[in-house]
Amino acid sequence: MANELQNSQPLYEQIKTAIEKRIRGEEWPADFRVPSEESLAEEFGASSLTVRRALRELQSEGMLVRIQGRGTFVVGPRMQCAIFDLPDVSEEIALSGGVHTSEVLFLGYVPPDSPFAGMLPLPYDGPVCHSRLLHKEDGTPIQIEDRFVNPEEAPEYLKQDFTRITPHAYLLRETEVTYVDNTIRAIRVDEESRRALEIDGNQPCLLLDRRTWREGVPVTRSRFLYPGDRYRLRSSHEATPNRGTTQQRSPAASRRIR
(Lines give C-alpha, C1' and ligand atoms only; values in the text may rest on other atoms or scores of the structure.)
Protein backbone atom coordinates (compact mmCIF):
# COMPACT_ATOMS: atom_id res chain seq x y z
CA MET A 1 0.00 0.00 0.00
CA ALA A 2 1.09 3.59 -0.57
CA ASN A 3 1.17 4.26 3.19
CA GLU A 4 4.06 1.78 3.46
CA LEU A 5 6.26 4.25 1.59
CA GLN A 6 8.39 6.97 3.15
CA ASN A 7 8.98 10.18 1.22
CA SER A 8 12.58 10.55 2.44
CA GLN A 9 13.71 7.77 0.05
CA PRO A 10 13.72 7.55 -3.75
CA LEU A 11 10.57 5.78 -4.89
CA TYR A 12 12.28 2.56 -5.99
CA GLU A 13 13.99 2.30 -2.58
CA GLN A 14 10.66 2.87 -0.84
CA ILE A 15 9.13 0.01 -2.84
CA LYS A 16 12.15 -2.19 -2.15
CA THR A 17 11.92 -1.49 1.60
CA ALA A 18 8.18 -2.23 1.64
CA ILE A 19 8.65 -5.55 -0.16
CA GLU A 20 11.59 -6.51 2.05
CA LYS A 21 9.41 -5.81 5.12
CA ARG A 22 6.76 -8.20 3.77
CA ILE A 23 9.38 -10.90 3.21
CA ARG A 24 11.00 -10.53 6.63
CA GLY A 25 7.58 -10.51 8.29
CA GLU A 26 6.66 -13.65 6.30
CA GLU A 27 3.63 -11.93 4.82
CA TRP A 28 5.32 -13.20 1.69
CA PRO A 29 6.77 -16.58 2.80
CA ALA A 30 9.36 -18.77 1.08
CA ASP A 31 8.38 -19.74 -2.50
CA PHE A 32 5.64 -17.09 -2.57
CA ARG A 33 5.06 -15.90 -6.12
CA VAL A 34 5.51 -12.13 -6.23
CA PRO A 35 2.71 -10.18 -7.93
CA SER A 36 3.42 -8.95 -11.45
CA GLU A 37 5.25 -5.69 -12.06
CA GLU A 38 2.01 -4.21 -13.37
CA SER A 39 0.13 -5.15 -10.19
CA LEU A 40 2.85 -3.75 -7.95
CA ALA A 41 3.09 -0.58 -10.03
CA GLU A 42 -0.65 -0.02 -9.57
CA GLU A 43 -0.45 -0.78 -5.83
CA PHE A 44 2.45 1.57 -5.15
CA GLY A 45 1.46 4.26 -7.65
CA ALA A 46 4.70 3.89 -9.58
CA SER A 47 5.86 3.01 -13.08
CA SER A 48 6.68 -0.57 -14.05
CA LEU A 49 10.28 0.56 -14.62
CA THR A 50 10.55 1.78 -11.02
CA VAL A 51 9.09 -1.46 -9.68
CA ARG A 52 11.43 -3.47 -11.90
CA ARG A 53 14.47 -1.72 -10.42
CA ALA A 54 13.30 -2.50 -6.88
CA LEU A 55 12.76 -6.16 -7.77
CA ARG A 56 16.13 -6.42 -9.51
CA GLU A 57 17.93 -5.09 -6.44
CA LEU A 58 16.14 -7.63 -4.22
CA GLN A 59 17.15 -10.35 -6.69
CA SER A 60 20.78 -9.24 -6.59
CA GLU A 61 20.65 -9.36 -2.78
CA GLY A 62 19.35 -12.93 -2.82
CA MET A 63 15.88 -12.25 -1.44
CA LEU A 64 14.03 -12.91 -4.70
CA VAL A 65 14.71 -15.17 -7.65
CA ARG A 66 13.27 -14.84 -11.14
CA ILE A 67 12.52 -18.09 -12.96
CA GLN A 68 12.11 -17.75 -16.70
CA GLY A 69 8.55 -18.42 -17.80
CA ARG A 70 7.23 -18.78 -14.23
CA GLY A 71 7.72 -15.46 -12.47
CA THR A 72 9.53 -14.03 -9.45
CA PHE A 73 9.58 -15.93 -6.13
CA VAL A 74 10.64 -15.28 -2.54
CA VAL A 75 13.81 -17.17 -1.63
CA GLY A 76 12.84 -17.47 2.03
CA PRO A 77 14.24 -16.69 5.48
CA ARG A 78 17.97 -16.26 5.95
CA MET A 79 20.27 -17.23 8.79
CA GLN A 80 23.20 -15.14 9.94
CA CYS A 81 26.46 -16.60 11.23
CA ALA A 82 29.97 -15.36 11.89
CA ILE A 83 32.74 -16.18 9.43
CA PHE A 84 36.32 -15.17 10.14
CA ASP A 85 39.64 -15.11 8.30
CA LEU A 86 38.54 -16.59 4.99
CA PRO A 87 41.66 -17.21 2.91
CA ASP A 88 42.40 -15.75 -0.49
CA VAL A 89 40.92 -18.17 -3.02
CA SER A 90 44.18 -18.35 -4.98
CA GLU A 91 46.16 -19.28 -1.86
CA GLU A 92 43.61 -21.88 -0.87
CA ILE A 93 43.76 -23.52 -4.29
CA ALA A 94 47.56 -23.50 -4.25
CA LEU A 95 47.62 -25.14 -0.81
CA SER A 96 45.42 -27.95 -2.08
CA GLY A 97 47.71 -28.53 -5.06
CA GLY A 98 45.45 -26.99 -7.69
CA VAL A 99 46.01 -24.30 -10.30
CA HIS A 100 44.10 -21.05 -9.87
CA THR A 101 42.95 -18.95 -12.80
CA SER A 102 40.50 -16.07 -12.91
CA GLU A 103 38.40 -14.42 -15.60
CA VAL A 104 37.41 -10.77 -15.33
CA LEU A 105 33.72 -10.51 -16.15
CA PHE A 106 33.44 -6.80 -15.32
CA LEU A 107 35.75 -4.04 -14.10
CA GLY A 108 34.59 -0.44 -13.87
CA TYR A 109 32.35 1.97 -12.03
CA VAL A 110 28.82 0.94 -11.06
CA PRO A 111 26.38 2.61 -13.49
CA PRO A 112 23.76 4.79 -11.77
CA ASP A 113 20.90 2.68 -13.19
CA SER A 114 22.49 -0.66 -12.22
CA PRO A 115 20.74 -2.98 -9.73
CA PHE A 116 24.08 -2.89 -7.88
CA ALA A 117 23.93 0.90 -7.44
CA GLY A 118 23.04 0.70 -3.75
CA MET A 119 25.45 -2.06 -2.77
CA LEU A 120 28.01 0.24 -1.09
CA PRO A 121 26.43 3.47 0.18
CA LEU A 122 29.14 6.11 0.53
CA PRO A 123 29.09 9.12 2.88
CA TYR A 124 29.52 11.39 -0.15
CA ASP A 125 28.03 11.50 -3.64
CA GLY A 126 30.51 9.63 -5.82
CA PRO A 127 31.09 6.53 -7.96
CA VAL A 128 31.72 3.03 -6.63
CA CYS A 129 34.23 0.62 -8.18
CA HIS A 130 32.94 -2.84 -9.13
CA SER A 131 34.85 -5.94 -10.10
CA ARG A 132 33.21 -9.25 -11.03
CA LEU A 133 35.55 -12.23 -11.32
CA LEU A 134 35.09 -15.91 -12.03
CA HIS A 135 37.62 -18.01 -10.12
CA LYS A 136 38.53 -21.50 -11.32
CA GLU A 137 40.46 -24.44 -9.92
CA ASP A 138 42.08 -26.59 -12.62
CA GLY A 139 39.62 -25.08 -15.08
CA THR A 140 36.50 -25.76 -12.97
CA PRO A 141 34.52 -22.68 -11.82
CA ILE A 142 34.31 -22.55 -8.02
CA GLN A 143 33.47 -18.94 -7.18
CA ILE A 144 31.95 -15.75 -8.58
CA GLU A 145 33.37 -12.76 -6.72
CA ASP A 146 31.66 -9.36 -6.82
CA ARG A 147 33.52 -6.58 -5.03
CA PHE A 148 32.29 -3.04 -4.55
CA VAL A 149 35.06 -0.70 -3.47
CA ASN A 150 35.21 2.86 -2.18
CA PRO A 151 37.62 4.54 -4.63
CA GLU A 152 38.72 7.00 -1.94
CA GLU A 153 40.13 4.04 0.00
CA ALA A 154 41.69 2.26 -3.02
CA PRO A 155 42.31 4.87 -5.76
CA GLU A 156 44.18 2.50 -8.11
CA TYR A 157 41.69 -0.36 -7.86
CA LEU A 158 40.40 -0.21 -11.44
CA LYS A 159 43.93 -0.13 -12.85
CA GLN A 160 44.82 -3.61 -11.54
CA ASP A 161 45.16 -6.74 -13.65
CA PHE A 162 42.99 -9.14 -11.68
CA THR A 163 44.09 -12.10 -13.78
CA ARG A 164 47.52 -11.69 -12.13
CA ILE A 165 46.61 -10.48 -8.63
CA THR A 166 43.41 -11.14 -6.70
CA PRO A 167 41.33 -8.26 -5.32
CA HIS A 168 41.85 -9.79 -1.87
CA ALA A 169 45.65 -9.56 -2.17
CA TYR A 170 45.55 -6.04 -3.58
CA LEU A 171 43.14 -4.66 -0.96
CA LEU A 172 45.01 -6.36 1.88
CA ARG A 173 48.10 -4.45 0.79
CA GLU A 174 46.49 -1.09 0.01
CA THR A 175 43.66 -0.62 2.53
CA GLU A 176 43.01 -0.75 6.25
CA VAL A 177 39.78 -1.95 7.87
CA THR A 178 38.64 -1.76 11.47
CA TYR A 179 35.30 -3.58 11.29
CA VAL A 180 34.02 -6.56 9.29
CA ASP A 181 30.47 -7.90 8.98
CA ASN A 182 29.70 -11.25 7.32
CA THR A 183 26.52 -13.12 6.48
CA ILE A 184 26.11 -16.39 4.63
CA ARG A 185 23.00 -17.95 3.18
CA ALA A 186 21.88 -20.47 0.57
CA ILE A 187 20.30 -19.01 -2.56
CA ARG A 188 19.06 -19.95 -6.00
CA VAL A 189 21.10 -18.01 -8.54
CA ASP A 190 20.17 -16.21 -11.74
CA GLU A 191 20.73 -17.60 -15.21
CA GLU A 192 23.87 -15.56 -15.88
CA SER A 193 25.56 -16.87 -12.75
CA ARG A 194 24.49 -20.46 -13.49
CA ARG A 195 26.10 -20.26 -16.93
CA ALA A 196 29.34 -18.86 -15.49
CA LEU A 197 29.50 -21.53 -12.75
CA GLU A 198 28.40 -24.27 -15.17
CA ILE A 199 25.59 -25.51 -12.93
CA ASP A 200 21.94 -26.32 -13.54
CA GLY A 201 18.95 -24.46 -12.15
CA ASN A 202 18.30 -26.94 -9.34
CA GLN A 203 21.72 -26.65 -7.74
CA PRO A 204 21.86 -24.51 -4.56
CA CYS A 205 24.68 -22.05 -3.99
CA LEU A 206 26.24 -20.42 -0.95
CA LEU A 207 26.41 -16.63 -0.89
CA LEU A 208 28.87 -15.00 1.50
CA ASP A 209 28.24 -11.26 1.86
CA ARG A 210 31.10 -9.35 3.53
CA ARG A 211 31.20 -5.64 4.39
CA THR A 212 34.19 -3.74 5.74
CA TRP A 213 34.67 -0.29 7.27
CA ARG A 214 37.57 1.89 8.40
CA GLU A 215 36.56 3.97 11.41
CA GLY A 216 32.97 4.07 10.18
CA VAL A 217 33.83 4.78 6.53
CA PRO A 218 32.71 2.05 4.09
CA VAL A 219 35.69 0.39 2.40
CA THR A 220 34.30 -2.62 0.54
CA ARG A 221 31.34 -4.90 0.08
CA SER A 222 32.17 -8.33 -1.30
CA ARG A 223 29.77 -11.04 -2.44
CA PHE A 224 31.21 -14.53 -2.97
CA LEU A 225 29.00 -17.08 -4.71
CA TYR A 226 29.93 -20.78 -4.44
CA PRO A 227 28.29 -23.85 -6.03
CA GLY A 228 26.93 -25.85 -3.11
CA ASP A 229 28.45 -29.15 -4.19
CA ARG A 230 31.96 -27.71 -4.62
CA TYR A 231 32.41 -25.74 -1.42
CA ARG A 232 31.65 -25.74 2.27
CA LEU A 233 32.42 -23.44 5.21
CA ARG A 234 33.00 -24.48 8.81
CA SER A 235 33.68 -22.57 12.03
CA SER A 236 34.80 -23.96 15.41
CA HIS A 237 34.58 -22.23 18.77
CA GLU A 238 34.57 -22.77 22.51
CA ALA A 239 31.38 -22.10 24.44
CA THR A 240 31.12 -19.77 27.42
CA PRO A 241 28.42 -21.60 29.39
CA ASN A 242 27.79 -19.03 32.11
CA ARG A 243 26.66 -16.28 29.77
CA GLY A 244 24.76 -18.25 27.19
CA THR A 245 26.98 -16.85 24.44
CA THR A 246 29.97 -18.12 22.52
CA GLN A 247 33.45 -16.77 22.04
CA GLN A 248 35.31 -17.33 18.81
CA ARG A 249 38.54 -19.28 19.29
CA SER A 250 39.47 -20.54 15.86
CA PRO A 251 39.04 -19.16 12.35
CA ALA A 252 36.52 -20.54 9.92
CA ALA A 253 37.78 -23.27 7.66
CA SER A 254 36.74 -23.31 4.02
CA ARG A 255 36.97 -26.45 1.92
CA ARG A 256 36.23 -27.16 -1.68
CA ILE A 257 34.57 -30.51 -2.30
CA ARG A 258 36.73 -32.21 -4.89
Side-chain angles (χ1 to χ4, degrees), residues 60-62 83-111 114-116 119-120 127-151 153-175 177 180 182-200 203-212 219-234 251-258:
S60 70
E61 293 177 12
I83 303 294
F84 298 89
D85 298 330
L86 287 173
D88 187 340
V89 64
S90 65
E91 295 176 1
E92 186 185 1
I93 290 173
L95 288 172
S96 68
V99 175
H100 169 260
T101 56
S102 63
E103 178 182 345
V104 178
L105 304 179
F106 179 82
L107 182 63
Y109 291 112
V110 179
S114 167
F116 296 124
M119 280 292 173
L120 185 68
V128 172
C129 302
H130 177 205
S131 61
R132 183 174 175 87
L133 274 64
L134 178 65
H135 294 283
K136 300 180 181 181
E137 179 182 12
D138 298 333
T140 300
I142 64 165
Q143 183 196 91
I144 293 177
E145 172 192 349
D146 281 293
R147 283 194 192 255
F148 304 90
V149 178
N150 182 346
E153 299 294 313
E156 302 295 312
Y157 188 77
L158 296 181
K159 297 180 181 180
Q160 305 310 305
D161 180 359
F162 289 126
T163 64
R164 300 175 62 87
I165 184 174
T166 63
H168 173 94
Y170 173 74
L171 292 168
L172 189 66
R173 184 182 69 199
E174 299 294 329
T175 64
V177 300
V180 180
N182 299 285
T183 62
I184 185 169
R185 61 184 183 268
I187 68 168
R188 290 173 286 188
V189 299
D190 57 55
E191 184 177 352
E192 179 184 351
S193 298
R194 289 199 301 269
R195 287 198 302 266
L197 291 171
E198 300 176 8
I199 60 176
D200 62 41
Q203 185 166 335
C205 288
L206 294 177
L207 175 64
L208 172 62
D209 194 338
R210 166 171 286 192
R211 308 182 197 211
T212 65
V219 178
T220 66
R221 182 172 182 180
S222 306
R223 291 162 59 86
F224 305 100
L225 188 64
Y226 308 91
D229 66 343
R230 300 176 198 164
Y231 215 90
R232 67 175 179 265
L233 295 166
R234 188 187 70 185
S254 55
R255 299 285 187 273
R256 285 174 319 289
I257 302 171
R258 301 173 64 93

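Computed from a predicted model, the values in this text were never measured in an experiment.
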Exercise. May I have the step-by-step check of side-chain contact (heavy atoms from CB on, under 4.5 Å) for S131 and F106, ending in yes or no?
Key: CA-CA 5 Å; S131 61; F106 179 82; over 6 Å; no

Quiz item: Which of these, E137, H135, E92, sits in a side chain to side chain donor-acceptor pair (under 3.5 Å) with H100?
Solution: H135

Quiz prompt | Spatial distance of atom CD (E153) from atom OG1 (T220) [nearest 0.5 Å] | solution = 10.0 Å

Self-check item: Side chain proximity check, I184 to N182, heavy atoms < 4.5 angstrom
Solution: no

Practice problem: I would like to know whether Q203 and L197 meet side-chain contact (heavy atoms from CB on, under 4.5 Å); could you show each step before the answer? | Solution: CA-CA 11 Å; Q203 185 166 335; L197 291 171; over 6 Å; no

Exercise. May I have the step-by-step check of side-chain contact (heavy atoms from CB on, under 4.5 Å) for T163 and T101, ending in yes or no?
Key: CA-CA 7 Å; T163 64; T101 56; over 6 Å; no

Self-check item: Non-hydrogen atoms of R210 and T212 that approach each other most closely
Solution: CG-CG2, 4.2 Å

Practice problem: List in chain and number order the residues that pass salt bridge (Lys or Arg N to Asp or Glu O under 4.0 Å) with R221, two or more places apart in sequence or in another chain; answer none if no residue qualifies. | Solution: D209

Quiz prompt | Point-to-point distance, once rounded to the nearest 0.5 Å, from CD1 of I187 to OH of Y226 | solution = 12.5 Å

Quiz prompt | Nearest non-hydrogen partners of V110 and H130, listed with the distance | solution = CG2-CB, 3.5 Å

Practice problem: Applying salt bridge (Lys or Arg N to Asp or Glu O under 4.0 Å), name anything that partners R211, two or more places apart in sequence or on another chain. | Solution: none

Exercise. Can you see which heavy atom on A196 is nearest to which on I144, and at what distance?
Key: CB-CD1, 3.9 Å

Exercise. Quick one: sort the Y170 and F162 rings into parallel, tilted or perpendicular, breaks at 30° and 60°.
Key: perpendicular

Exercise. Return the set of residues passing salt bridge (Lys or Arg N to Asp or Glu O under 4.0 Å) with E156 (not counting sequence neighbours), or none when no residue passes.
Key: K159

Quiz item: So V128 and F116, side-chain contact (heavy atoms from CB on, under 4.5 Å) or not? Walk me through it.
Solution: CA-CA 10 Å; V128 172; F116 296 124; over 6 Å; no

Quiz item: How far apart are the closest heavy atoms of V149 and Y157, and which atoms are they?
Solution: CG2-CZ, 3.7 Å

Quiz prompt | Closest non-hydrogen atom pair between K136 and I93, with its separation | solution = O-CD1, 3.7 Å

Quiz item: Quick one: do the T140 and D138 side chains pair a donor with an acceptor below 3.5 Å?
Solution: no

Quiz item: Closest heavy-atom contact between C205 and L225?
Solution: CB-CD1, 3.8 Å

Quiz item: Quick check: are there more than 12 heavy atoms from other residues, nucleotides or ligands sitting under 6.0 Å from CZ of R164?
Solution: no

Exercise. Begin with the C-alpha distance, continue with both residues' side-chain angles, and end with the deciding distance and a verdict on side-chain hydrogen bond (donor to acceptor under 3.5 Å, both in side chains) for R132 and S193.
Key: CA-CA 11 Å; R132 183 174 175 87; S193 298; 3.2 Å; yes

